[in-house]
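Following: one structure in structure tokens, then a few remarks.
Throughout, protein chains are lettered first and strands after them, A, B, ... in sequence-line order, and every chain is numbered starting at 1. Computed from a predicted model, the values in this text were never measured in an experiment.
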Amino acid sequence: MGRMLDPSLPDAVLPPRFQSWFDGRGWRLRDHQRAVLEAARAEASALLVAPTGGGKTLAGFLPSLVELSERPKNQRSLHTLYVSPLKALAVDIERNLKTPIEEIGLDIQVEARTGDTKSSVRQRQRTRPPDILLTTPEQIALLLAHPSAEDLFSGLRCVVLDELHALRGSKRGDLLSLDLARLWTLAPALRTVGLSATVADPLPLRRYLVPQPEEGSAEAALIEGKGGVRPDVRVMTGEDRIPWSGHSGRHAFGAVYEAIKGATTTLVFTNTRSQAEVCFQELWKLNEDSLPIALHHGSLERAQRERVEAAMQAGGLRAIVCTATLDMGIDWGAVDLVICLGAPKGASRLVQRIGRANHRMDEPSRALLVPANRFEVLECVAAKEAVDAGLLDGEGAKPGALDVLCQHIWGMACAEPFHPDHLYREVTSAAPYAGLPREVFDRALDFVATGGYAMKAYDRYRRIVRQPDGRMRIRDPRTAQLYRLNAGTIVEMPVYNVRIGRLGGTDGKPGRARPGRKLGTMEEWFTSQLTPGDTFLFAGEVLRFEGIQETDVLVTKSRSDEVKIPSWQGSKFPLSSFLSARVRDIVNDPARWGQLPAQVQEWLHLQRRKSYVPKPDELLIETFERAEKFHLVCYPFDGRIAHQSLGTLLTRRLERAGMQPLGFCPTEYALSVWMRRDPSGLDMDALFDEDMLGDDLDDWLADAQLMKRTFRNCAIIAGMIERNHPGQEKSGRQVSFSAGLIYDVLREHEPDHILLQAAWNDAAAGFLDIRRLGALLSRIQGHLVLKPLAHVSPLAVPVMMEAGRETIIGGANEAILAELQEELLSEMMA
DNA sequence: GACCTGCTGCGGGATG
């Protein structure tokens, strides 16, 4: 492998001690490792893009190890900072780095620092740091917001940023970029190494890694590791009937079990926690061979998850059913099959998940995609094609979040007084904030100093004050303490603890129960649907709901078969634009239908006969009457979030047009709206005009609850509202109430408040997906195809099922749904 | 016999 090495080079790159360590293991320096060393020698920052495995982490650390080995004795100071999005990775790397350090015989200290590190150790690390510190973005922010920051970091030579693709573009990534900017100020000799999975466009990552100049832009060197073997991806299309709707993949559990039996170790990825619970439960029912299969998701108690991870590490498991919790993390060499249950949602996410299998360079990772319904078959096929062609989702760079900027300004004042001009220049050296106008920075600064003019009367919002010399300093030590309690960008929903126990005390007398072992957490809204005696699935067990005591949901184990499926309200996994365009391409092009399973082909052919198959960039709009209601169904294939926004805005227009709309239902692929009047005579071009993104949108948002929730997150991150902390008597509801109050006050009295702007930006990028909706509307202008029908069309059946599920009172009543499906299918065939 | 939706990540520190 590799190119011929220049015989004059090797000595210059790797010192003899290192070379013989490589030799002793039968390793050769890989090309990308050499390139990182050469970049470091030239004092250049670099982005290393490579698939998992292949010594990427070692490549990031090699230059630091070499430099530290050449350092004069007795000179110890923080040399290299490693940042990972996961605490577990920091701890794992600590273990892994110690091997080469010991074996080469280097005098280098390595320590991890996370929220789990003992506070005495954290304190000591400020004054006597190790040579290499392994940590998280939040910890760096905390270290920087301390008077000791300058001493600690002034000698820093290198920052290694692991899994950078997973941080960039998020608020955590924004926070980290601002911290980098401060580090560049404190340690001008600093270079960075970014480690990233393969991305569609590395440029934003390369910019992220170096200080941006006032004019133009700068980027780190790009080093591309050799791609491994293309993964072997298959889409499961058995003989079974492919469901018309639903997302559980239940019809395929038998085949999933067989696949697990046929592999050494399998990761079964699901898209939701409830899907993971259901899948796990059903696999155990099928598990005649008693295979050790485990469950892992984010609402399970941490200790339980750690037991599963340890069992995996020890080779004791055949499969784990999991959610995105295992998208990243410690490599498990034994995994040789990845199953993705349900729609893959995006090519990059899929590649990341597939990469969890088989880290040997010369063998392909094996992956099996299991579509749960007909539309998902299209999505799985589109995703497989993208992976086969080596294509990924492109994600544009978006400007840094303003609430994060406010938090950072506050933190910087905790370290030492700053001059606004200097801090502005520093902040704009961070790539996400390179385009930040001074005027916006000044408003953020003013917010940290006063809360904004609507809040000026409230003393508690005054966090920094101006000194006579023009510099800003923290107001008092308490305010600095408050910063430390509120640092970070992750905001959680208030949750209940699920614990074993009964109401009424252990001895049967009334009184306080002593709750037992904690199994995990559940959200208030699901809890509120339970009445004592109900049974539900959680942590892989059937539990009986006993009652609520304070923030504990008390449960006992049960053997009931009548189980409710718990659900959580996480933010929505968006279907990537890239993948939705590819799904459209398949549907639009009958020449490509041959690769689809027979049932799906028949479905599309039937659609062509009974209604219409749109051409690229056309939007098909069907109307038909059913059960005394008129339905309008359109198929943008643009993801549920954009369809949700479109549905809201269309409904408002239909209302004005006198159609008396009754409801709408978005799916990933389509949108249905139903109403009392027949819409087929409407001017569709006017209905779908781009101008709906103007006043209609503003009207709707004015009183949208979602907007308040978004604002709450921004207000917490910016430090306007305190987080919940153990010991503080402030429930989640009280926090959101006060956030709602502040939101209303600001909307009325200070509509240009920085946090309203921050919330609007979040909403536009998040629950509204404005960019996507805008692209959708402009794509279809002049390409609407209206098809008034007598009956429901084949494409519409799954959408109608989805709508039926949501509108049937009392949740999904199976008998009614089955009946609905029968009716729809016979009407469709009519 | 179907059918059950929405992810993850982190987190004071000085003093007794």
Verify the contact: side-chain N or O of [X] to OP1 or OP2 of [N], cut-off strictly under 4.0 Å; return yes or no.
{"X": "A:Gln123", "N": "B:dA14", "value": "yes"}
{"X": "A:Thr323", "N": "B:dT8", "value": "yes"}
{"X": "A:Arg273", "N": "B:dT8", "value": "yes"}
{"X": "A:Arg302", "N": "B:dT8", "value": "no"}
{"X": "A:His297", "N": "B:dT5", "value": "no"}
{"X": "A:Arg484", "N": "B:dG11", "value": "no"}
{"X": "A:Ser248", "N": "B:dC3", "value": "no"}
{"X": "A:Arg122", "N": "B:dG13", "value": "yes"}
{"X": "A:Thr270", "N": "B:dT5", "value": "no"}
{"X": "A:Arg126", "N": "B:dG13", "value": "yes"}
{"X": "A:Gln275", "N": "B:dC4", "value": "no"}

Give [X] one of three labels, base, sugar-phosphate or nothing, depending on what nucleic acid heavy atoms sit under 4.0 Å from its own.
{"X": "A:Ile490", "answer": "base"}
{"X": "A:Glu163", "answer": "nothing"}
{"X": "A:Ser170", "answer": "nothing"}
{"X": "A:Lys564", "answer": "nothing"}
{"X": "A:Leu142", "answer": "sugar-phosphate"}
{"X": "A:Lys171", "answer": "nothing"}
{"X": "A:Gly298", "answer": "sugar-phosphate"}

Q.
If the condition is ring-ring contact (aromatic ring centres under 6.0 Å, His included), which residues does A:His297 pass it with, not counting sequence neighbours?
A.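 Partners of A:His297 by the ring-ring contact (aromatic ring centres under 6.0 Å, His included) criterion, ordered by chain and then number, come out as A:Trp568.
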
(Q) When you compare the side chains of A:Arg273 and A:Ser299, does any donor N or O come within less than 3.5 Å of an acceptor on the partner? (A) yes

Q) Looking just at side-chain N and O atoms, do A:Ser576 and A:Asp393 make a donor-acceptor pair shorter than 3.5 Å? A) yes

Q: Using heavy atoms to find the nearest nucleotide of DNA chain B for A:Asp327 and A:Gly249 separately, return the residue whose nucleotide is more 5′.
A: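 Of the two residues, A:Gly249 wins.
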
Q: List for me each residue that meets salt bridge (Lys or Arg N to Asp or Glu O under 4.0 Å) alongside A:Asp769, sequence neighbours excluded, and say none if there are none.
A: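 Salt bridge (Lys or Arg N to Asp or Glu O under 4.0 Å) check on A:Asp769 returns A:Arg772.
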
Q: Take atom CG of A:Leu143 and atom P of B:dC10, then tell me their distance rounded to the nearest Å.
A: 16 Å

Q) Tell me: CZ of A:Arg640 to C1' of B:dT5, nearest whole Å? A) 8 Å

(Q) Under 6.0 Å between ring centres: does that hold for A:Phe375 and A:Trp603? (A) yes

Q: Looking only at side-chain atoms of A:Glu138, point me to the closest of B:dT5, B:dG11, B:dC4.
A: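 Between B:dT5, B:dG11, B:dC4, the one nearest the side chain of A:Glu138 would be B:dG11.
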
**Q.** Proximity to the side chain of A:Arg113 - top-ranked nucleotide from B:dG13, B:dC7, B:dC4
**A.** B:dG13

Q. Counting only distance, no hydrogens or angles, is the base of B:dC10 paired donor-acceptor with the side chain of A:Glu492 under 3.5 Å?
A.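 Such a pair is found, so the answer is yes.
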
Q: Check whether more than 12 heavy atoms from other residues, nucleotides or ligands sit under 6.0 Å from atom CD of A:Glu150, and answer yes or no.
A: no

